[in-house]
Amino acid sequence: MKGMNQTDWRASFGRPGARRELEEGQTLALGRRKRWVLAILAVVLAGGGTAYYFAVKENKPSQAAGQEAQGIAVTRGDIRVTITGTSQFQAQNMQDITAPADGTIKMMNLTRSKAVKQGDVLLVISDVDLEANLKDAEARLATLQRELQELTEQQGAMRITAPISGKFTLSGNLETGSNLNKNAKIGTIADTSEFTVKLPYILEEALQLQAGEEIDLTIEGQLLTKVGKVEAVDRVTRAGQGGAKLVDVTVKVAGDGTLDAGLAVTGSVMYGDREIKSQGSGTLEYARTVTVMSGASGTIGELKPKSGEYIQQGDLILTIANDSLQDDIAAKQADVERQAANVENLSRKLSELTVVAPFDGVFSADFADQKKNVLASYPVGVSVKAGTAFGAVASLDTMTLAVQVDELDLPSVKPGLKAQVTVDALPGRSFEGEVLQVSTVGVTTNGVTYYDVIIAVPNTEQSELKYGMTGTAEIIVEEKKNALLLPIEALQQRGGRRTVTLKKADGTLEPNHPIEIGIRSKTHVEVTEGLEEGDQVVIPTRQQSTNLNQQQADQLRRQFQGGAGGTTGGGIPAGGGGGFPGGGGGFQGGGGGFQGGGGGGSR
């Protein structure tokens with residue numbers, strides 16, 4: 001339909017949804033359009049006869065006496081194409097606050113209306129069974145992890161080496177092929193580089209000895225004398241022969257290859273010309289002995305040193321074979337992973353019992369029930385069921401309008417288009433908006449399909465835009481500045497061409513003057529060729545007719561049904577030079593329309 005937008009004529013019948021507003025700040029009077037459309041419908045329903053209608057009478061070059069055609073100047077100005085829709089504001093970001101699980105309210109930080117910050121704790125639900133299950137699961141996980149660690153350590157202990165240098169003594173009857181348990185004793189390594197011996201001295205004489213003082217040691221049964229050093233004097237006394245009190249003096253002597261544990265020695269030290277001797281002998285012992293233990297269970301695969309041999313630190317003592325250890329580790333690892341997942345799941349469920357604000361905004365219990373404060377029924381200690389609604393948190397920083405757009409206008413609407421938004425509660429104010437989302441699923445009402453278009457509108461610092469307020473958005477589809485403009489009433493159509501009646505400088509009229517047009521508003525059309533700024537055009541006059549023959553009535557019916565034709569001249573709205581102004585077709589897709597005819601569509 002040319003000259004009048006498809007959505008405009010649909011809206012004129014009172015259908016819901018967005019109206020395509022092709023305007024310069026003006027809105028069609030809906031009631032007026034209803035009146036004359038209903039008048040035409042009366043003709044269709046009657047099937048013929050007479051009716052009251054409007055038609056366009058051509059301005060011919062020759063004017064009647066005393067009737068001088070009035071011209072309107074072609075001017076420059078701004079023109080825009082808009083699509084308009086009305087809806088109620090909603091918050092762009094809003095999240096319901098509900099009980100995440102069955103339980104008991106442990107903490108309640110909500111009031112009927114409350115400003116919140118992201119991460120604020122709103123409420124906490126207690127679930128005793130869940131808490132106990134988590135504690136048990138964590139204990140089980142710790143046990144499995146410890147067992148896995150032990151198996152991993154066994155894997156690294158399949159080769160046993162000497163921790164120190166010294167004389168190796170093998171335990172029991174171990175040999176290649178013997179079974180070993182974890183932590184079984186394999187043998188000992190004695191450090192032969194140093195020995196100690198405890199010698200008994202009379203208390204009074206022992207007290208004269210100082211740590212580090214040298215003492216001559218005599219090996220019994222051998223003609224050997226070694227020099228040792230006092231390491232310590234015991235504080236514990238014991239009775240000796242003749243009632244003397246004896247104490248042990250510990251002496252340390254370096255090993256030189258001639259000494260071994262088990263040798264009996266005596267000690268003496270000279271004080272001037274007086275010799276102080278030990279009251280008996282003592283037995284040499286290794287100063288340090290290290291026990292070698294098995295770090296893994298299995299079978300001895302290789303046994304290197306023999307008992308009594310001297311080995312160096314790092315020498316291999318034996319190897320252990322265990323064919324099932326790797327499988328045991330893999331199985332234990334799987335147990336750990338399963339239990340860790342169980343703990344994570346229980347921990348997540350427990351953490352979900354603490355409900356926090358998802359973002360900065362305002363909590364309101366009215367989102368759950370506007371008539372009463374639902375929070376009054378849920379103090380601390382009260383049991384709740386999962387899903388119990390307490391309200392919602394809404395961020396008022398950005399509000400949205402979900403307006404309905406006709407399917408014929410939908411291709412023109414894209415995300416990112418700007419919109420001008422007015423609010424019923426804030427008269428005289430205008431807000432900037434932007435198309436955020438265009439639905440791909442339509443809803444059909446009375447044979448017309450509409451699609452939701454979401455428009456985002458930043459709120460003011462004072463948050464003047466409130467949830468539920470009514471707003472009207474004009475989506476700016478196309479806009480041109482300083483365009484050559486012509487009143488849309490002056491536009492006519494002849495044989496598929498757009499024409500006007502041009503008033504020349506000498507006052508004569510040139511009917512059917514061809515022009516090319518661009519975009520249109522409801523009141524003006526952009527002229528791209530055929531006219532210059534300042535040119536005068538004549539708007540066709542309207543006349544009344546009271547007669548409508550059967551042929552005209554049938555043709556009008558076809559127009560309302562989407563036909564493509566009409567009477568020419570000054571009759572029923574349609575082709576040639578008549579119509580409401582324009583003509584040449586029906587309401588949709590025909591060869592003309594209410595204004596500017598010549599085809600269907602929005603422009």
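The residues of the chain are indexed from 1 along the displayed sequence.
- Side-chain contact between Leu485 and Val527 is absent, with no heavy atoms from C-beta onward closer than 4.5 Å.
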TODO: Evaluate side chain to side chain contact (heavy atoms under 4.5 Å, CB included) for Leu426 paired with Phe431, printing each intermediate quantity in order.
DONE: CA-CA 10 Å; Leu426 302 172; Phe431 299 85; 3.7 Å; yes
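- Atom OG1 of Thr82 sits about 10.0 Å away from atom CD of Gln420, to the nearest 0.5 Å.
- One finds no salt bridge joining Glu464 and Lys466 here, because no Lys/Arg side-chain nitrogen approaches an Asp/Glu carboxylate oxygen to under 4.0 Å.
- Atom CD of Gln462 has more than 12 neighbouring heavy atoms from other residues, nucleotides or ligands inside a 6.0 Å radius.
- Between Pro100 and Ile125, some side-chain heavy-atom pair lies under the 4.5 Å cut-off.
- From His513, atom NE2 reaches atom OG1 of Thr499 across 9.5 Å, with rounding to the nearest 0.5 Å.
- The minimum heavy-atom distance between Leu353 and Ala101, with the atom names listed, is CD2-CB, 3.7 Å.
- Looking at Asp506 and Thr508, their side chains do bring a donor and an acceptor atom within 3.5 Å of each other.
- For Glu352 and Arg348, the salt-bridge test passes: some basic side-chain N is under 4.0 Å from an acidic carboxylate O.
- Looking at heavy atoms from C-beta onward, Val477 lies out of side-chain contact with Asp409 at the 4.5 angstrom threshold.
- Ion pairing between a basic and an acidic side chain is recognised when a charged N comes within 4.0 Å of a carboxylate O; Glu526 and Arg520 show no such pairing.
- The shortest side-chain heavy-atom distance between Asp120 and Asn109 does not fall under the 4.5 Å cut-off.
- Proximity of a side-chain donor or acceptor of Arg498 to a complementary backbone N or O of Glu516 within less than 3.5 Å is not detected.
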Listed pairs under 3.5 Å, donor-acceptor, residues 381-397 side chains, sequence neighbours left out:
unit_1	atom_1	unit_2	atom_2	d
Thr388	OG1	Lys385	O	2.7

- [ ] Show your reasoning for whether side chain to side chain donor-acceptor pair (under 3.5 Å) applies to Thr400 and Gln92.
- [x] CA-CA 6 Å; Thr400 60; Gln92 182 177 6; over 6 Å; no
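- A donor-acceptor pair under 3.5 Å links the side-chain atoms of Asn133 to the main chain of Asp129, judged by distance alone.
- Shown here for Ile79 and Ala483, the closest heavy-atom pair between the two residues is CG2-CB, 4.2 Å.
- Side-chain contact between Leu122 and Val356: absent, with no pair of heavy atoms (C-beta onward) separated by less than 4.5 Å.
- With hydrogens and angles left out, the side-chain atoms of Thr86 and Thr472 include a donor and acceptor closer than 3.5 Å.
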- [ ] Would you sort out whether Leu509 and Lys503 count as a side chain to side chain contact (heavy atoms under 4.5 Å, CB included), showing the intermediate values?
- [x] CA-CA 5 Å; Leu509 302 182; Lys503 182 176 182 180; 3.8 Å; yes
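- No side-chain heavy atom of Asp78 sits under 4.5 Å from any side-chain heavy atom of Glu479.
- Residues Val457 and Leu465 meet the side-chain proximity criterion, which asks for heavy atoms closer than 4.5 Å.
- Checking side-chain atoms of Ser521 against main-chain N and O of His524 turns up a donor-acceptor pair under 3.5 Å.
- Tyr451 contributes atom OH, which lies 6.0 Å from atom CD of Glu407 (distance to the nearest 0.5 angstrom).
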- [ ] Show your reasoning for whether side chain to side chain contact (heavy atoms under 4.5 Å, CB included) applies to Lys414 and Val438.
- [x] CA-CA 7 Å; Lys414 308 291 182 185; Val438 179; 6.0 Å; no
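- Under a 4.0 Å N-O distance rule, the pair Asp366/Arg112 qualifies as a salt bridge.
- The shortest heavy-atom contact between Leu401 and Ala473 is CD1-CB, 4.2 Å.
- When all heavy atoms are compared, the tightest approach of Asn342 to Ala137 is ND2-CB, 3.9 Å.
- In this structure, Thr460 contributes its side chain and Ser463 its backbone to a donor-acceptor pair below 3.5 Å.
- Note: Leu130 CG to Asp102 CG = 11.5 Å, rounded to the nearest 0.5 Å.
- In this structure the side chain of Leu486 reaches within 4.5 angstrom of the side chain of Ile515, judged on heavy atoms.
- When atom types are taken as modelled, the side chain of Asp360 and the backbone of Gln118 share a donor-acceptor pair closer than 3.5 angstrom.
- Residue Ser87 comes nearest to Ala402 through the heavy atom pair OG-O, 3.0 Å, listed as atom of the first residue, atom of the second, then distance.
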TODO: Go through Ile455 and Ile475 one step at a time and tell me if the side chain to side chain contact (heavy atoms under 4.5 Å, CB included) criterion holds.
DONE: CA-CA 9 Å; Ile455 299 171; Ile475 303 171; 3.8 Å; yes
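- Using a distance-only test at 3.5 Å, with no hydrogens or angles considered, no donor-acceptor pair links the side chain of Asp96 to the main chain of Thr98.
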TODO: With side chain to side chain donor-acceptor pair (under 3.5 Å) as the test, would you mind laying out the steps for Ser126 and Thr104 before giving the verdict?
DONE: CA-CA 5 Å; Ser126 175; Thr104 303; 5.9 Å; no
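- Taking CD of Gln536 as the reference point, atom OG1 of Thr501 lies at 13.0 Å (rounded to 0.5 Å).
- Atoms CE and CE, on Met399 and Met94 in that order, are 9.5 Å from each other to the nearest 0.5 Å.
- Scanning all heavy atoms of the two residues, the minimum distance from Thr528 to Ile517 falls at OG1-N, 3.7 Å.
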